[in-house]
Amino acid sequence: MSDSVEIRWHARAGQGAKTAALLLAQAALRDGKFAQAFPEFGPERRGAPIQAFNRIASHAIRVHSGVRQPDIIIVLDETLLDTVPVTSGLATDGIVFVNSPESPLVIRERLRLAGQRVATVDASRIARDHIGRPIPSAPMLGAFAAVTELISLDTLVTDAITRLEKRFRDRPGMIEGNIEAIRRGYGEVQVEGRFPVSRLERLPSPRDVERTLPAWTDLPAGGIIVTPGSAAAYETGDWRQQRPVWDFDRCVHCLICWVMCPDAAIIVEDGKVVDLDVRHCKGCGICAQVCPPRHQAITMIEEDRQRTGAVVSAPVLGRNGR
Amino acid sequence: MNLKTLAEKPERLTGGHRACAGCSAPVVARQVLMAAEHPVVVGCATSCLEVVTTIFPFTAWKVPYIHCAFENVAATISGVETAYRALRKRGELDRDIRFVAFGGDGGTYDIGLQSLSGALERGHRFLYICYDNEGYMNTGIQRSGATPRGAQTTTSPAGKTTPGKTERRKNLTDCVIAHHIPYVAQAVPTLWKDFMTKVQRGLDAPGPAFINVLSPCTLGWGFDPSLTMEIARLAVETCFWPLYEVVDGRYRLTYRPKEKRPFREWMEKQERFRHLFTDANQPLLDQLQAEVDQEWEGLLRQCEDSKEVVE
């Protein structure tokens, strides 16, 4: 790597990527380097895929664009591996960090990387243990410090304390939890594959194909959208952390869940709940919450990390599970 | 009205929009479209709802839809409704079509107030739905005229000198009632039947109709996405958000809480009020309760004066 390093974060809005990029830049500044940190997201909401960027250099940085050819990629949400071309533009001697309980080899396989280095750490679990919520940024920063040595663990911890003290003045447990999460990320990261640069060859991946947009001449005048309900083609199912399952022995098909679903994701036929639209359900849990207490037919379960896409497993879990 | 019948109708707001998980705004829009028995044309002011449902080249709406700027949805829908009346007069159209405008509280209480007031005064036949999430959530949670006193937003931060927003929220429903239009109501999506009945009455009113719908915002208010509907209900049970309607000037309470819960219980469920629960802020908490009581009792008096028996 040269005397400047470019980093790209992939996460879902709400997972702390923006703050983590800021912390990283601050730690680099304190270590006497030059640094940038900035996020990029559209008008979308919590759960939508976003990016954040860092540049760290030994000299003043004149470039201010987003990072397209990163040396380091940090993926805070494993489910993005299937939907976002996370490794796009990665340098041949680059490193990919993925928040995952899997080994680096398994992730390498999924990303179809021939060279580069892959590092994994089960950051969500660590965060749940110490912070109480699956916000993986703190352990990922620890892992980053351990593998890249671009910032020291001590600086990272000091900066994190300074920053968190303001926010959690009345909850000291949150500060300790975050620090412990950083330390465990530092200690538990697994790294694999240090290949000589000359032998590296990047296999093309179908995920790298850039989406082509229509030319302006192809658009209807005024940018009118002529297909009603075209948003149905856009899948928000991968925003989901949990999914509802129905116990059809308890469900009386009152349809209160259906009328209060923000995503029109509960499929009703002949007056009965028959299925979940997994392509659109964001897993908010309103359905389970509004199900009348005397029925309690809906349970939220953790979403399968691999997103098998299997449609409602309700009858299986529901009938035997209680 | 029952849900089994409603579920037989085609969905008019699809999934695939990009609202936060647990957002109440799409629920409000879905319920309005479900309740409408006629074809409708929708106008939508710039707002969260507009942004998340119409990210180009996608739209979640299956009804004719026109987007406009932040401040003029009532003027826009006035124009559409006028064109429709002109076409009918000339005999070029003979379908019975209804018009619905959606705006958030920013686009209704504040920025769009003049266009709303003008459209109400001119007497266009349309239903205005204000989905009130008590702040400018689309741009990152700034305070609005609808933000309650004491709530923390990015422009009314809670700190050493100020306990969140220091000003009282305006009562927009009262402002609208003062226009003497045929139908005004308040609702929440949790009590869907109450809300959807009001939508039908509003659409059938012979002139302008307005429904103010409290729409909890999981991000801006700070609560778990699954609790959206419960938070909306609690606003009703604490009498902060009474459910009532005003038909031709006559007030009627459409839901009376069995037991009026302390306003505090609603605030305690939300991060934006978390800083209030200290001894130092007790006078403010008392004041907030007093303000809720004052508006609630005023409303009850109006209902009695209208000789409408409270349920």
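Just so it is clear: chains get the letters A, B, ... in the order the sequence lines come, proteins before strands, and each one is counted from 1.
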Legend entry - Toward chain A, the part of Ile55(B) with a non-hydrogen atom under 4.5 Å: side chain
Legend entry - Minimum heavy-atom distance Ala231(A)-Thr14(B), with the two atoms named: CB-OG1, 4.0 Å
Legend entry - More than 12 heavy atoms of other groups within 6.0 Å of Arg133(A) CZ: no
Legend entry - Among the listed options Asn138(B), Asp224(B), Val63(B), the residue most often paired with chain A at heavy-atom distances under 4.5 Å: Asn138(B)
Inset, instruction - Please round to the nearest 0.5 Å and tell me the distance separating atom CD1 of Ile266(A) and atom CD of Glu11(B). - result: 10.5 Å
Inset, instruction - Can you tell which part of Cys20(B) gets under 4.5 Å to a heavy atom of chain A, answering side chain, backbone, both or neither? - result: both
Legend entry - Backbone N/O of Gly271(A) and side chain of Glu8(B): donor-acceptor pair under 3.5 Å: no
Inset, instruction - Look at Thr54(B), Val27(B), Leu3(B), Thr5(B) and state which one has the largest set of heavy-atom pairs under 4.5 Å with chain A. - result: Leu3(B)
Legend entry - Residues in residues 189-198 of chain B that sit under 4.5 Å from chain A, counting heavy atoms only: Pro189(B), Thr190(B), Trp192(B), Met196(B)
Inset, instruction - Please report the closest heavy-atom contact between Gly22(B) and Cys284(A), naming both atoms and the distance. - result: N-CB, 3.1 Å
Legend entry - side chain to side chain contact (heavy atoms under 4.5 Å, CB included) assessment of Gln289(A) paired with Glu230(B): CA-CA 8 Å; Gln289(A) 191 69 34; Glu230(B) 193 187 323; 3.0 Å; yes
Inset, instruction - Answer with side chain, backbone, both or neither: which region of Val259(A) has an atom nearer than 4.5 Å to a non-hydrogen atom of chain B? - result: both
Inset, instruction - Using the ring of Trp258(A) (Phe, Tyr or Trp, six-membered ring only), decide whether Arg30(B) places NZ or CZ under 6.0 Å from its centre and within 45 degrees of its axis. - result: yes
Inset, instruction - Check the pair Arg45(A), Arg18(B) against side chain to side chain contact (heavy atoms under 4.5 Å, CB included), reporting the backbone distance first and the verdict last. - result: CA-CA 6 Å; Arg45(A) 300 300 193 259; Arg18(B) 295 180 237 173; 5.6 Å; no
Legend entry - Most contacts with chain A, counted as non-hydrogen pairs under 4.5 angstrom, among Thr53(B), Leu6(B), Leu13(B), Val28(B): Leu6(B)
Inset, instruction - Just give me the residue among Ala48(A), Gly229(A), Gly285(A), Gly14(A) that pairs up with chain B most often, heavy atom to heavy atom, under 4.5 Å. - result: Gly229(A)
Inset, instruction - Would you mind telling me which of Cys261(A), Ala233(A), Ala265(A) has the largest number of heavy-atom pairs within less than 4.5 Å of chain B? - result: Cys261(A)
Legend entry - Side-chain donor/acceptor of His17(B) to backbone N/O of Pro262(A), under 3.5 Å: yes
Inset, instruction - Check whether any side-chain N or O of Thr59(B) sits under 3.5 Å from a backbone N or O of Ile225(A) as a donor-acceptor pair, and report yes or no. - result: no
Inset, instruction - Measure the CH2-OG distance between Trp61(B) and Ser230(A) for me, rounded to the nearest 0.5 Å. - result: 13.5 Å
Inset, instruction - Name the option with the most non-hydrogen atom pairs under 4.5 Å to chain B; the candidates are Ile256(A), Asp170(A), Val226(A), Leu255(A). - result: Leu255(A)
Legend entry - Euclidean distance, Cys254(A) SG relative to Asn2(B) CG, rounded to 0.5 Å: 12.0 Å
Inset, instruction - Verify, without hydrogens or angle tests, whether Lys4(B) (side chain) and His253(A) (backbone) share a donor-acceptor contact under 3.5 angstrom. - result: yes
Inset, instruction - Would you check if Thr227(A) and Phe58(B) make a side-chain contact, meaning some heavy-atom pair closer than 4.5 Å? - result: no
